[in-house]
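Here's the structure we're looking at; comments come further down.
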Amino acid sequence: MPKRKLLQIGNITSRMADRLESEFDIIEYFKFQNKEKLISDNAKEIVCVLTDGHWGVPDNLIERLTGLEIISSYGVGYDAIDADFAASKNIVVTHTPEVLNNEVADTAIMLWLAVYRQLIQADRWARQGNWEKEGSFPLSRSVQNQKVGILGLGRIGETIAKRAKAFEAEIHYHSRSQKDNDYHYHISPKELAKNVDVLFVITPGGNSTKHLVDESVLKALGKSGTLINVSRGSVVDEMALIKALQTGTLGFAGLDVFEAEPIVPKELKSMENVVLTPHIGSATTQTRQSMGDLTCDNLLSYFKSGKVFTPVPECSKLNLL
Ligand code: NAP
Ligand code: 8YV
């Protein structure tokens, strides 16, 4: 029997390729100049798409791939996939929740420490010989006993909160719903920002959270406030953020995600009060291995038994085993 056709969008690890090659005929989307022809020639035969949180599934592919049964995404955030539309066509969408909670929370805490303790400047001071020439590095700020805000107290947000508590933080949050815990709940992102020293943004991306952190939220966070964004670039109004940092309305930022990735605005690149990382929230060998395993498990299991391990909520109504 010929192997099933899998459309691969984005990169996969060699471990993932090794697991999938025996079961699937892998078609690498980005290697094809003429994508139109590729899709029209294989519309009925491509039964699965493997993608990631960055690339998702380009606009009309879900509609055009008439044989498509499952989209397995390597990442938890699936704002680049129209999951409602996929579900309406009986196409299952899976993602990789939980296995990356610790890594992304570590990245958020790393950015917080780097901003407060001026890690980048201190490293430069040591490397460039300022220590010998000018003496000690200037004093920085302590992360202990801070009021810490979490915008989006979900799987990763909770994990950030647990880590922040190790720094004697008082935890505040805003989510769509209030949780049964002893953290301080606020009714809006602005109210949350007003009441904290550092604000961690960790909601999903997409239309419902676009610019949830706007000019008014940044102003409420204030001139000694710090914004850490590890969610999606779209959640923060980047123009407003740049302006707030330039004018001193907002004090500091640590950013792993940007509105037009991989483009990082030049204004941010030149700011000393900002630490930047290139969307590395989950990017360790170990965590990417767990994410890759789950991405493959979902696909392989679907074709073996009809069961998937981690469907997105939009697909919960589908007739899955
Ligand atoms: P999750 O468990 O679904 O948590 C999302 C949280 O955001 C929930 O608390 C939810 O509220 C809240 N939320 C959703 N829409 C909101 C809105 N409009 N206003 C306020 N709060 C809202 O998701 P997760 O697993 O923690 O992942 C969160 C996101 O992190 C992903 O979707 C992805 O975009 C991002 N991420 C980034 C990286 C990276 O490399 N930087 C890596 C992994 C994930 P309720 O609790 O009330 O539902
Ligand atoms: C990945 C992410 O970098 O899981 C997510 O939502 O943003 C990251 O873990 C992304 O899936 C691209 O591979």
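When a ligand or atom number is given, it counts from 1 through the structure's own listing order. Along the sequence shown, residues carry numbers from 1.
- Ranking protein heavy atoms by distance to atom 4 (O) of ligand 2, first place goes to V76 N, 2.8 Å.
- Considering only non-hydrogen protein atoms, atom 35 (C) of ligand 1 sits nearest to S231 O, 3.6 Å.
- Any N or O atom pair closer than 3.5 Å counts here, and G77 shares at least one such pair with ligand 2.
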Any chance you could lay out the side chain to side chain contact (heavy atoms under 4.5 Å, CB included) test for T203 and H174, step after step, and finish with the verdict?
CA-CA 10 Å; T203 64; H174 168 74; over 6 Å; no
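- Hydrophobic cluster membership differs between L227 and F200, with clusters built from Ile, Leu, Val, Met, Phe, Trp and Tyr side chains linked at under 4.5 angstrom.
- Of the protein's non-hydrogen atoms, the one nearest atom 3 (O) of ligand 2 is R288 NH2, 3.1 Å.
- Comment: K243 does not engage E267 in a salt bridge, judged by the lack of any side-chain N to carboxylate O separation of less than 4.0 angstrom.
- Note: no N/O pair closer than 3.5 Å links M291 and ligand 2 by distance alone.
- The shortest contact between atom 4 (O) of ligand 1 and any protein heavy atom is with G154 CA, 3.3 Å.
- Both cation-pi conditions hold for R141 and F252: the charged atom is under 6.0 angstrom from the six-membered ring centre and inside a 45 degree cone around its axis.
- If you check which protein heavy atom lies closest to atom 42 (C) of ligand 1, you get V104 CG2, 3.4 Å.
- A donor-acceptor pair under 3.5 Å links the side-chain atoms of S175 to the main chain of L153, judged by distance alone.
- By the rule that hydrophobic residues join a cluster once side-chain heavy atoms approach within less than 4.5 Å of another member, V312 and I81 end up as members of one cluster.
- Salt-bridge annotation for D25 and R4: absent, with no side-chain N of the basic residue lying under 4.0 Å from a carboxylate O of the acidic one.
- Distance from atom 22 (C) of ligand 1 to its nearest protein heavy atom, with residue and atom name: R176 CG, 3.7 Å.
- Regarding atom 11 (O) of ligand 2, its nearest protein heavy-atom neighbour is Y74 O, 2.9 Å.
- Distances from ligand 2 to the non-hydrogen atoms of R232 include at least one value under 4.0 Å.
- If you number the atoms of ligand 1 from 1 as listed, the ones under 4.0 Å from a heavy atom of G77 come out as 31 (C), 32 (O), 33 (C).
- The nearest heavy-atom contact from the protein to atom 38 (C) of ligand 1 is V230 O, 3.7 Å.
- Considering backbone and side-chain atoms together, N101 places no N or O closer than 3.5 Å to any N or O of ligand 1.
- Side chains of W55 and D52 form a contact here, defined as non-hydrogen atoms less than 4.5 Å apart.
- Contacts with ligand 1 closer than 4.0 Å are made by side-chain heavy atoms of L212 only, the backbone lying farther away.
- Between G281 and ligand 1, a contact under 3.5 Å exists for at least one N or O pair.
- The atoms of ligand 1 that sit less than 4.0 Å from any heavy atom of S208 are 18 (N).
- Among all non-hydrogen protein atoms, the one lying nearest atom 28 (C) of ligand 1 is I202 O, 3.6 Å.
- Listed for the T96 side chain is a donor-acceptor partner under 3.5 Å among the backbone atoms of G75.
- Scanning all protein heavy atoms for the shortest distance to atom 5 (C) of ligand 1 gives P204 CD, 3.6 Å.
- Near L100, meaning under 4.0 Å from one of its heavy atoms, ligand 2 places the atoms 4 (O), 9 (O).
- Interface of L153 with ligand 1, defined as ligand atoms under 4.0 Å from a residue heavy atom, comprises 9 (O).
- Not a single N or O atom of G152, backbone or side chain, sits closer than 3.5 Å to an N or O atom of ligand 1.
- The H279 neighbourhood of ligand 1 comprises atoms 39 (C), 40 (O), 41 (N), with distances under 4.0 Å to a heavy atom of that residue.
- Within the listing of ligand 1, atoms 15 (N), 16 (C), 17 (C), 18 (N) sit less than 4.0 angstrom from a heavy atom of T209.
- Among protein heavy atoms, atom 9 (O) of ligand 2 sits closest to S282 OG, 2.6 Å.
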Chi angles and distances behind the side chain to side chain contact (heavy atoms under 4.5 Å, CB included) call for E170, V148
CA-CA 6 Å; E170 182 180 290; V148 166; over 6 Å; no
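- For atom 2 (C) of ligand 2, the closest non-hydrogen atom of the protein is H279 NE2, 3.7 Å.
- Inclusion of H54 in the set of residues having an N or O under 3.5 Å from an N or O of ligand 2 is not warranted.
- Between D237 and K210, no side-chain nitrogen of the basic residue sits less than 4.0 Å from a carboxylate oxygen of the acidic one, so the salt-bridge criterion is not met.
- Both the backbone and the side chain of S175 come within 4.0 Å of ligand 1, judged by heavy-atom distances.
- Summarising the contacts of atom 46 (O) of ligand 1 with K210, Q178, K179, R155, the nearest heavy atom is found in K179.
- Which parts of ligand 1 touch S282 is read off a 4.0 Å heavy-atom cut-off, strictly below it: atoms 40 (O).
- For atom 44 (C) of ligand 1, the nearest protein heavy atom (residue, atom name, distance) is V76 CG1, 3.3 Å.
- K89 has no carboxylate O lying under 4.0 Å from a charged side-chain N of E69, or vice versa, which leaves the two without a salt bridge.
- Under a cutoff of 6.0 Å and an axis angle of 45°, K35 and Y29 form a cation-pi pair.
- With no hydrogens or angles considered, a side-chain donor-acceptor pair links S72 and T94 at under 3.5 Å.
- Screening T277, T107, N229 for a side-chain hydrogen bond (donor to acceptor under 3.5 Å, both in side chains) with D256, the sole residue that qualifies is T277.
- Among the atoms of V257, none of the N or O lies under 3.5 angstrom from an N or O of ligand 1.
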Hey, mind stepping through N102 and T159 against side chain to side chain contact (heavy atoms under 4.5 Å, CB included) and telling me if it holds?
CA-CA 7 Å; N102 288 336; T159 315; 3.4 Å; yes
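- Residues D214 and K190 are not paired through a salt bridge, judged by the lack of any N-O separation under 4.0 Å between the basic side chain and the carboxylate.
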Evaluate the salt bridge (charged side-chain N to carboxylate O under 4.0 Å, His left out) criterion for residues E23 and K304: first the C-alpha distance (whole Å), next the side-chain angles of each, then the deciding distance (0.1 Å), finally the verdict.
CA-CA 11 Å; E23 293 289 324; K304 194 169 168 203; over 6 Å; no
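- Residue E261 places no heavy atom under 4.0 Å from ligand 2.
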Yes or no on ring-ring contact (aromatic ring centres under 6.0 Å, His included) for F24 and F303, after CA distance, side-chain angles and deciding distance?
CA-CA 11 Å; F24 299 102; F303 288 108; 5.7 Å; yes
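- From the protein, the heavy atom lying nearest to atom 10 (C) of ligand 2 is G53 N, 3.9 Å.
- Against a heavy-atom cut-off of under 4.0 Å, H174 is close to the following atoms of ligand 1: 20 (C).
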